[in-house]
Each structure stands twice: as structure tokens, then as C-alpha cells.
Undergrad: 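My questions will all concern the structure given below.
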Amino acid sequence: MRNDNEMVQRAALKALSGIANLSKEQFQTYYDFVMPYLKTIWANANDKSNHKLQVRAFECISLVAMAVGKEKFRDDLEQVTEVLKSFQKSQVRESDTIVYILQACNRICQCIGKDFLPYMSTVMPSLVECAQFEPNKTISTDKLYDSIHKAKFGNEMICIKRSDASGLLGRYAHNLKEEFYPWISQICGPLLNEDQVHSIIDEIKYVLMESSRRNGELTKRAKLEDFDAEEAELLTAVRELEDEVCGNVCFIRE
């Protein structure tokens, strides 16, 4: 990390991020040694030429924070977030990395919980803007929730994954619990009316009833004389899919 070559620094930060992520609380032994270097890179890499290095440093800081926990990270929190404020106001930041910054902020939020509330006013403008993207083009991938959207952010076009855009707000809400309430009106839009609520409930009931019916048929099939081991293996796989259906419905309700 002390090397003058930016490529070497970025590679070192990536490696350190992985080590911290795998080491968890055992990384506390090395925290006091590496954090000053991380904060120095995060604070000093503040022009367009080394912007990506700054983002990489912030990602690493967030992963280290999650590894060592709230109490160990607490003393460095204010300094890190002060740099974040200046970063958000900077004119040289590249918009294609804003999602990575928001993800790193979410890790810190996950680490310190409701103590992150004073810093939400710094994060929310970009977070809301990111959530309100109106993609002009979608690039399909093999994974249902990983389609890539091209969207306008400020004066530039950026690419984001659907899973990034749709899940980020939810993760902040999950970490902050009821304290996230003041921002609901910005991220959610109009509330559902009564007819829409009834329609959703009816669909959920239908999915659960159909799943129950199919499970009943599977149970009957398993009792027949010609039911063999190969079919039993297939039935097990089908039951797992049915369990996944019910699990997804429960997640929606939660």
C-alpha cells in the first residue's frame, strides 16, 4: 500500500479486503497497523487521476470495519465519514463508481447499526437518485436478478446490475430498522390502495394453495407400489422447489 505505483496499491487493497473478509474478528490483531494507511489513501486520493484508488480504499475500509466490529472501528468512524462528505461534494468523482461507494457505506451501516444515522443525510441523495434510475437499455444475463441496466446518472451513462439497484435500499432499511422511516416517502412512492392489497393477498393465497395441492399429489405418488428410488430422488428435488416457492412468499410477506 505504500508503493508509489497505483496499480500495485489497488491490487494490495483488493488482497487486503479479501483477507479481512475471511479473517473476521481475527483481523483485529492487524487493525491498528493497516487502518492508518487505508485512511491516508482514502483521504489523499482525491483527484480524477486516482479516483478509483480512493474508491478501492473505501471498499477496503468498509470490509475491515465489518471484520473487526463496531467497538474497534468506532474511533475511526468520524474521520472516514468526513472524507465521505467531501467525496460526495467533489466534482471529480466518476459516477460509474457511485454504487460501489453506496455498498461500502452500507457495510459500515451494517457494522455500526443505528450509529450510522447521523451520516444518512450524506448518503441518501445519491442513494435515492440511484434507486430512481430509469434505464434506457437492459442487457440480459443468464441470471434472472442480475440483468444489467444502462441509466443516466447526472450527465453520464452508467451500467448497474438490477440486483444492486433493487437491493441496496432494502439493506439500509434492514440495518436501520424503524429508524429508516423518515426516508420511506423518498424511496417508495404512493402507498397501495385497498384493492391492490386485496389483489396481492389473493395471489399469495393462490400460490400457497397450489403448492399445498402439488405437495399432496407428490405424497400420494410416493405411496404407490411402482414408486422407485430414481423417482424418489426426483421427488426430493421437486419438494425443494416447492419449499423455495413458500419461502419466497414468506419473504414477501415479511
Side-chain angles (χ1 to χ4, degrees), residues 1-112 116 119 122-123 126-127 130 139 141 146 148 150-151 153-161 163-165 167-168 171:
M1 288 191 294
R2 291 182 293 183
N3 195 290
D4 292 334
N5 187 304
E6 183 179 331
M7 184 180 297
V8 174
Q9 287 180 310
R10 285 166 60 181
L13 289 168
K14 184 176 181 180
L16 184 63
S17 297
I19 291 170
N21 190 41
L22 291 172
S23 301
K24 304 302 181 187
E25 67 276 0
Q26 295 180 30
F27 195 81
Q28 291 192 17
T29 303
Y30 311 100
Y31 180 87
D32 293 334
F33 176 71
V34 301
M35 185 53 75
Y37 293 114
L38 292 175
K39 291 192 297 184
T40 297
I41 295 174
W42 170 230
N44 294 338
N46 54 12
D47 58 49
K48 193 168 185 178
S49 64
N50 53 11
H51 169 76
K52 290 184 179 179
L53 176 63
Q54 187 181 42
V55 173
R56 179 71 72 185
F58 190 50
E59 284 185 305
C60 189
I61 288 172
S62 69
L63 286 163
V64 168
M66 283 192 64
V68 302
K70 177 178 177 179
E71 295 305 317
K72 189 69 175 177
F73 179 66
R74 187 191 300 274
D75 292 341
D76 295 299
L77 172 63
E78 186 173 351
Q79 185 178 352
V80 169
T81 50
E82 281 303 314
V83 178
L84 176 63
K85 292 178 182 179
S86 63
F87 175 85
Q88 293 289 72
K89 296 175 183 178
S90 173
Q91 298 300 311
V92 301
R93 69 189 178 106
E94 296 178 10
S95 55
D96 62 344
T97 57
I98 189 62
V99 173
Y100 297 106
I101 291 293
L102 293 174
Q103 288 173 333
C105 289
N106 179 68
R107 293 188 199 102
I108 293 177
C109 179
Q110 184 177 343
C111 171
I112 67 175
F116 192 79
Y119 311 103
T122 301
V123 173
S126 295
L127 186 58
C130 189
I139 306 169
T141 66
D146 282 341
I148 298 173
K150 283 189 174 182
F153 187 84
N155 295 322
E156 301 180 40
M157 297 301 297
I158 71 171
C159 292
I160 59 172
K161 286 185 178 181
S163 55
D164 291 337
L168 202 50
R171 290 194 287 273

Undergrad: For Tyr119 and Phe116, take the angle between the two ring planes, folded into 0 to 90°, and tell me which bin it lands in: parallel under 30, tilted 30 to 60, perpendicular over 60.
TA: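 The arrangement is tilted - the two ring planes meet at 30° to 60°.
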Undergrad: Could I get the full list of side chain to side chain contact (heavy atoms under 4.5 Å, CB included) partners for Asp32, not counting sequence neighbours?
TA: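 Here the qualifying residues are Lys72.
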Undergrad: Suppose we screen for side chain to side chain contact (heavy atoms under 4.5 Å, CB included). Which residues come up paired with Leu63, at least two apart in sequence or across chains?
TA: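 Only Ser17, Asn21, Arg107 meet the side chain to side chain contact (heavy atoms under 4.5 Å, CB included) criterion with Leu63.
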Undergrad: To the nearest 0.5 Å, how far apart are CD in Gln79 and CD1 in Ile61?
TA: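 Nearest 0.5 Å value for the CD-CD1 distance: 8.5 Å.
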Undergrad: More than 12 non-hydrogen atoms from neighbouring residues, nucleotides or ligands closer than 6.0 Å to OH on Tyr30, yes or no?
TA: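 Open: at most 12 neighbouring heavy atoms sit under 6.0 Å from OH of Tyr30.
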Undergrad: List in chain and number order the residues that pass side chain to side chain contact (heavy atoms under 4.5 Å, CB included) with Asp4, two or more places apart in sequence or in another chain; answer none if no residue qualifies.
TA: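 In terms of side chain to side chain contact (heavy atoms under 4.5 Å, CB included), with neighbours along the sequence ignored, Asp4 is linked to no residue.
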Undergrad: I'd like to check the side chain to side chain contact (heavy atoms under 4.5 Å, CB included) partners of Ile19; sequence neighbours left out, ordered by chain and number.
TA: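 Result, side chain to side chain contact (heavy atoms under 4.5 Å, CB included) vs Ile19: Ser23, Phe27.
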Undergrad: Asn106 side chain to Leu102 main-chain N or O, any donor-acceptor pair under 3.5 Å?
TA: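 Checked: no pair found.
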Undergrad: State the OG-OH distance between Ser62 and Tyr100, to the nearest 0.5 angstrom.
TA: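 Nearest 0.5 Å value for the OG-OH distance: 13.0 Å.
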Undergrad: For the residue pair Phe58 and Trp42, categorise the inter-ring angle as parallel (less than 30°), tilted (30 to 60°) or perpendicular (more than 60°).
TA: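 Taking Trp42 first and then Phe58, their aromatic rings lie parallel (interplane angle under 30°).
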Undergrad: Give the minimum heavy-atom separation between Asn5 and Asn3, together with the two atoms involved.
TA: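 Nearest pair, atom of Asn5 first, then Asn3: N-OD1, 2.7 Å.
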Undergrad: Rounded to the nearest 0.5 Å, what's the gap from SG on Cys109 to CZ on Arg171? Could you check?
TA: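 Between Cys109 SG and Arg171 CZ, I get 11.5 Å after rounding to 0.5 Å.
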Undergrad: Where do Val68 and Gln28 come nearest, in terms of heavy atoms and distance?
TA: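 Between these two residues, the closest heavy atoms are O-NE2, 2.9 Å.
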Undergrad: Rounded at 0.5 Å granularity, tell me how far CD1 in Ile101 sits from CD in Glu59.
TA: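 Ile101 CD1 to Glu59 CD: 7.0 Å, rounded to 0.5 Å.
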Undergrad: Taking all atoms of both residues into account, what is the closest heavy-atom pair of Cys111 and Gly69, and its distance?
TA: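 That would be SG-C, 3.7 Å.
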Undergrad: Go through Ile108 and Thr81 one step at a time and tell me if the side-chain contact (heavy atoms from CB on, under 4.5 Å) criterion holds.
TA: CA-CA 10 Å; Ile108 293 177; Thr81 50; 5.6 Å; no
Undergrad: Output every pair passing salt bridge (charged side-chain N to carboxylate O under 4.0 Å, His left out) with a member in residues 61-71, not counting sequence neighbours, ordered by first then second residue.
TA: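 Qualifying pairs: Lys70-Asp115, Glu71-Arg74.
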Undergrad: Quick one: are Gln54 and Ile41 in side-chain contact, heavy atoms under 4.5 Å?
TA: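 Heavy-atom side-chain distance check fails, nothing below 4.5 Å.
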Undergrad: First locate atom CG of Leu53, then atom CD of Glu6, and finally report the distance between them rounded to the nearest 0.5 Å.
TA: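 Leu53 CG to Glu6 CD: 5.0 Å, rounded to 0.5 Å.
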Undergrad: Quick check for you: to the nearest 0.5 Å, what is the distance between Cys60 atom SG and Leu38 atom CG?
TA: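 Interatomic distance, Cys60 SG to Leu38 CG, rounded to 0.5 Å: 4.5 Å.
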Undergrad: Test of understanding: with salt bridge (charged side-chain N to carboxylate O under 4.0 Å, His left out), list the residues that count as partners of Lys39, not counting sequence neighbours.
TA: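 Per chain and number, Lys39 pairs via salt bridge (charged side-chain N to carboxylate O under 4.0 Å, His left out) with Asp76.
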